[in-house]
Amino acid sequence: MASKHKYEDPWPHPDGATAPQLPAALVPRHVAVVMDGNGRWANQRGLPRTEGHRAGEHALMEVMAGAVESGVSHVSVYGFSTENWKRSPNEIRFIMGYSKEVLRRQRDVLHAWGVRIRWSGRRPKLWRSVIRELEAAEELTQDNTRATLTMCVNYGGRAEIADAVQRIAQKAATGELDPRRVRESTVAAHLDEPDMPDVDLFLRSSGEQRISNFLLWQSAYAEMVFLDTLWPDVDRTTLWEAMKIYARRDRRYGGAVDSVAG
Ligand code: IPE
Ligand code: IPE
Ligand code: MG
């Protein structure tokens, strides 16, 4: 089993940037990342959209380096949504093929850093060869404890909740579960990754300000940070900028404190 003393540290940031010094309580435990803006990045350069996806690999590795260096223990990245099947066959083919390559190329690096890789998403429609690479990465890294990277591929928040409801209904039908005892915790326990903590920081690149069906259940009380940087231009300093914004937020979870001025 991997011991944390054996883990390698990520390569240093080329400009020597270092992680922000935040009190531990202000470091998000779980960061959800919508890796958006690849197509626009490419088209702005006169390139086809697929070149933007290719350029996004570096940003993903940078963000994981930034997470490891700043003590973020859970990162979930949106790689392909249940809605992305609407794209052209050519773009879908590229994303599937490229996902396989990235997993093959980077899983050993992530393993060396002590990152545990998980896959969350639906099986139907997803290329079997992509599922194989995702599962191989899960197996290779299963004992790592420094950070968890959940790759959300063929993932949709509503699909995940619907699948959980289906599992619960099946158990109720067979008498394994009493329908009157279904609670929030019952739903949470039947999600794809029941051990995934709630999202603290929800980060989206490219300036779009929407959730696009990512981690709906887990983000109920997430702090939303939308940055304009297009995904291929993102590096670990983008994550750290979002973490500094997050650290200034006042999380109330529905509570309130009376603080009358004067
Ligand atoms: C995000 O970039 C990557 C995926 C959805 C796979 P986009 O491909 O959505 O790029 P834009 O938003 O069109 O620029
Ligand atoms: C969300 O981005 C999905 C991923 C980043 C994988 P999209 O680009 O697909 O979302 P919309 O279409 O802008 O909502
Ligand atoms: Mg997009």
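In each ligand, atom 1 is the first atom listed, and ligand 1 is the first ligand listed. Computed from a prediction, not measured in an experiment: that's the story for all the values here.
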Can you tell me the protein heavy atom closest to [atom] and the distance?
atom                   : value
atom 6 (C) of ligand 2 : Y78 O, 3.2 Å
atom 5 (C) of ligand 2 : M35 O, 3.5 Å
atom 9 (O) of ligand 2 : N84 ND2, 2.9 Å
atom 7 (P) of ligand 2 : R87 NH2, 3.7 Å

* Which one of R123, R107, R118 satisfies the salt bridge (Lys or Arg N to Asp or Glu O under 4.0 Å) criterion with E135? -> R123

For the residue pair [X] and [Y], confirm or rule out a side-chain donor-acceptor distance under 3.5 Å.
X    : Y    : answer
Y246 : R251 : yes
H74  : T150 : no
H30  : Q218 : no

* Which of these, D143, N144, T141, sits in a side-chain hydrogen bond (donor to acceptor under 3.5 Å, both in side chains) with H111? -> N144

* Asked: Is the number of heavy atoms from other residues, nucleotides or ligands within 6.0 Å of CZ (R105) greater than 12?
  -> yes

* Asked: Are any non-hydrogen protein atoms located under 4.0 Å from atom 13 (O) of ligand 2?
  -> yes

* Asked: Where's the contact between L230 and ligand 1, heavy-atom distance under 4.0 Å: side chain, backbone, both or neither?
  -> neither

Could you list which atoms of ligand 2 come closer than 4.0 Å to a heavy atom of [X]?
X    : result
S212 : 10 (O), 11 (P), 14 (O)
F80  : 6 (C)
R210 : 11 (P), 13 (O), 14 (O)

* **Step-by-step ring pair (Phe, Tyr, Trp, His ring centres under 6.0 Å) determination, F80 to W85** => CA-CA 9 Å; F80 192 85; W85 297 106; 4.9 Å; yes

* Apply side chain to side chain contact (heavy atoms under 4.5 Å, CB included) to the pair D36 and W231, showing each step before the final yes or no. => CA-CA 5 Å; D36 197 20; W231 181 253; 5.8 Å; no

* Asked: Does M61 share a hydrophobic cluster with V72, counting links as ILVMFWY side-chain heavy atoms below 4.5 Å and allowing steps through other members?
  -> yes

* Are L149 and L140 grouped together when hydrophobic residues (ILVMFWY) are joined by side-chain heavy atoms under 4.5 angstrom apart? -> no

Proximal atoms of ligand 1 relative to [X] (non-hydrogen, under 4.0 Å):
X   : value
G79 : 6 (C)
D36 : 1 (C), 2 (O), 7 (P), 9 (O), 10 (O), 11 (P), 12 (O)
R40 : 11 (P), 12 (O), 14 (O)
I95 : 6 (C)
G39 : 7 (P), 8 (O), 10 (O), 11 (P), 14 (O)

* **The one among N38, V153, V34 that brings a heavy atom closest to atom 2 (O) of ligand 1** => N38

* Applying a strict 4.0 Å limit to heavy atoms, is G37 in contact with ligand 1? -> yes

* Sub-4.0 Å heavy-atom approach of K86 to ligand 2 -> no

* To do: Tell me, please, if D36 has any N/O/S atom, main chain or side chain, under 2.8 Å from the Mg ion (ligand 3)?
  => yes

* Asked: Is any N or O atom of W41, backbone or side chain, closer than 3.5 Å to an N or O atom of ligand 1?
  -> no

* Asked: Do ligand 2 and E208 have nitrogen or oxygen atoms that lie under 3.5 Å from each other?
  -> no

* To do: Would you please classify the geometry between the F214 ring and the Y78 ring as parallel, tilted or perpendicular, with 30° and 60° separating the classes?
  => parallel

